[in-house]
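This report refers to the structure that appears directly beneath it.
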Amino acid sequence: MSVTNRNHAIESASQHIVQSGPLPNDGTAPIDYYGKDVFNASAIRKYLSRGAAEKLLATIQDGARLDPSVAGDVAHAMKDWAISRGATHFTHWFQPMTGGTAEKHDAFLDLNEQGEAIMTFSGRNLVKSEPDASSFPSGGLRCTFEARGYTAWDPTSPAFIKRNPHGATLCIPSIFCSYTGEVLDKKIPLLRSLQALKQSLSRFMACFNEPPAHITVTLGAEQEYFLVDKAFYLQRPDLIQTGRTLFGAPPARHQQLDDHYFGAIRPRVINFMAEVEEELWRLGIPAKTRHNEVAPAQFELAPTFEELNLAVDHNMLTMEILQRVAEKNGLVCLLHEKPFAGVNGSGKHNNWSVTYGQRNLLDPGPDPRNNPVFIAFLTALIRATDLHSDLLRCSTVTAGNDYRLGANEAPPAIVSIYLGERLTETLQQVEAGVFKEYHSKAPKLKVGVETAPNIESDDSDRNRTSPFAFTGNKFEFRACGSSQSCAEFNTFFNVAVAESLDYLSDKLKMIGDPKEFDAQLQKILAEVIQKHKRIVYNGNNYSSGWIEEAKRRGLPNLQTALEALTPLLDSRNHQLMEKYGVFSAIELESRYEICSEEYLRKIQIEGEVASDMALNMILPIAEKYYGSLVKTLQIANEVGVTAGTISLKKTIETLGSKIDQLLLSIDKLAELKVVNVDNCQEYIQITRELRTAVDALEKLVDDHEWPLPKYREMLFVL
Ligand code: ADP
Ligand code: MG
């Protein structure tokens, strides 16, 4: 039975590969349908009166408070627009603490007093909804008798239409809080942190006599993912239940040839990508880059950067669409951080910057030393990261990311900043107060091909091992997991930066004589750089030397997920978040409850799924094989054959010892029963021992009998 199942899966996967052809090209260009399913500026102008349209656009573009009197008009216009795009329902679309998104649909259809069907959607429907919140994680914030929760329209992220084969739904991006106003989602803190950062930045820029300007915090989130054929997925209870393979021996060939990264994209995969992009473009999500990643069957999608709140929403939608389109194509998109042992895991790179008016504040310009705003802003970011690296590490916690961070593929659990040679030298000069000409040590690129254009090499070699790297005109935080929302990291980072900007502004404001400004600025920055430069590390973050060095520098190294969550309980962080009105102490503590509980549950589920699979799928096959070998040995003894019997006996012994190890691990897991903070590491260790036994059995047992699709199949048959 098992033989046929696995072989069927291989057969079916190979069928798909042959079948998938190019998409029909009907000649429509992306520009013809880009943003068509978004209630964007052009739809707003078309469906709303001029006055109401301008009011709504002022809220979206400039963050002006929305005039409540226009809500009714906006609702009416949105409904007409949505119906014209085929929508039958509407929903508040929000981001509770489950990590995903949530929606509860209501039909536009209603009955009037005469019992006739009408289509309605009021200002009240648009602004507020009251889902029963009792089944969403609250971390003890909400008692069941106060189960009511509120979702409220976030007008700064445009409404959009989600399509399914038999209709469409108008989705209204929303925030989510409890009846008593406590935060139950990821969007409220993010919006609050943006508000705080903008306020602090305005104050900071005023110190440099910069005129007030529109501030946009920007994010480009690069999304990594794996694809596997659905037929394999369905044969793997571990993938179905936990999102990752709990067993699987490394195949002879995995990623050591480095031939997948940036390789030609296989037809089935590029068809999938094209379909994803079409859906994203319809939703006004600017998908830009696609490529093969390092591990076999691993890929990346990167959008053009956008305003942060919008970019976070768009990344949530991107993850959903990747998964949905994969299903349609007989594939499964794995967003788990570590679906396969032994090959790279998946992350999400957060590219962060700030635009002030038209100017990117992280653009150093031709000579950063002539750009005091840049130097001061950079100094603030260094201080912010050094002071609050614990919170940044905390924002990366998921059960999956634990298997990835610190391995030689992803940034380690120690947060540090990579600046590159030039900026490091510039900061050294600011600290010393001595300015010298900068001579780049970067080699001039000579490619030795006459026809090739001249290329200038980047001043800063891009250090891929750093968790937080300056990459020319933005900071790239690389420690987030592929399945995560970008909201947490950016919320914490925005607040940390706001606090450091305020620190500098306070000092700068004390300068009395404007003629003294430059000299005083240098002194203030020198002091901050001196104090916080320990967070800058340009070397190899994967080296063991760095762990020692970081310890010497006093940088935190919060290795396990549970340790990394403890900053949420730290009163220093409570004060910081309360000062900026982003979280109350109670809200932060509730997040600790939610995240640690979720983590422990996931570890437990993994142990239980592994035990079940080992007992019901692996053991019967291993014992059967063991039995057949014992029988062979018996016969050999009976007929008096000696050649081969010594090795046969040895194989039986090895097989038997692995079976013993398998059963012992299962017993130990069962003994520990419920995973808690104290036994968690032990539980993980035993689950790992169980894996070692099963993976050894995979290498021993007859390949025909092995019930689970193997790595060489899942990673290479696509
Ligand atoms: P790499 O893979 O080398 O890190 P990519 O080109 O794949 O680089 O991704 C870079 C990401 O950074 C893109 O999403 C891009 O839009 C984003 N980005 C570029 N400039 C900014 C900026 N000023 N603010 C935020 N993100 C930016
Ligand atoms: Mg990147």
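All ligand and atom numbering here is 1-based and tracks the order in the structure. FYI, side chains are in, hydrogens and waters are out, and symmetry mates aren't considered; it's all heavy atoms of this structure.
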Inset, instruction - Test S346 against every option in Q298, E293, R404 by the side chain to side chain donor-acceptor pair (under 3.5 Å) rule and name the one that passes. - result: Q298

Legend entry - Sub-3.5 Å N/O-N/O distance, H349 and ligand 1: no

Legend entry - Heavy-atom nearest neighbour of atom 18 (N) of ligand 1 within options K474, R478, E307: K474

Inset, instruction - Before signing off on this row, confirm whether F305 and ligand 1 have an N or O atom pair separated by under 3.5 Å. - result: yes

Legend entry - ligand 1 versus K288: contacting region, heavy-atom distance under 4.0 Å: neither

Legend entry - ring pair (Phe, Tyr, Trp, His ring centres under 6.0 Å) involving H291 - partner list, sequence neighbours excluded: Y261, F262

Legend entry - ligand 1 atoms in contact with E300 (distance to a heavy atom under 4.0 Å): 7 (O)

Inset, instruction - Using a 4.0 Å heavy-atom threshold (strictly under), name the region of N360 that reaches ligand 1: side chain, backbone, both or neither. - result: side chain

Legend entry - F583: partners by ring pair (Phe, Tyr, Trp, His ring centres under 6.0 Å), with sequence neighbours left out: none

Inset, instruction - Say whether T289 and ligand 1 are in contact under the criterion: heavy-atom distance to a ligand atom below 4.0 Å. - result: no

Legend entry - Option of least heavy-atom distance to atom 12 (O) of ligand 1 (set: L308, N351, L301, T216): N351

Inset, instruction - Using a strict 4.0 Å threshold on nitrogen-to-oxygen distance, state whether K186 and E488 make a salt bridge. - result: yes

Legend entry - Option with minimal heavy-atom separation from atom 13 (C) of ligand 1, where the choices are G472, S353, P303: P303

Inset, instruction - Could you tell me whether ligand 1 has any atom less than 4.0 Å away from a heavy atom of E476? - result: yes

Legend entry - Test log, rule salt bridge (Lys or Arg N to Asp or Glu O under 4.0 Å), inputs E277 and R290: CA-CA 10 Å; E277 285 157 350; R290 61 189 189 196; 2.8 Å; yes

Inset, instruction - Please step through ring-ring contact (aromatic ring centres under 6.0 Å, His included) for the pair W93 and F160, ending with a clear verdict. - result: CA-CA 10 Å; W93 180 80; F160 58 90; 5.2 Å; yes

Legend entry - SB check R268 D229 (cutoff 4.0 Å): yes

Legend entry - Proximal atoms of ligand 1 relative to T304 (non-hydrogen, under 4.0 Å): 16 (O)

Inset, instruction - Mind running salt bridge (Lys or Arg N to Asp or Glu O under 4.0 Å) on K162 and E320 for me, showing each step along the way? - result: CA-CA 11 Å; K162 228 192 225 184; E320 188 182 318; 2.7 Å; yes

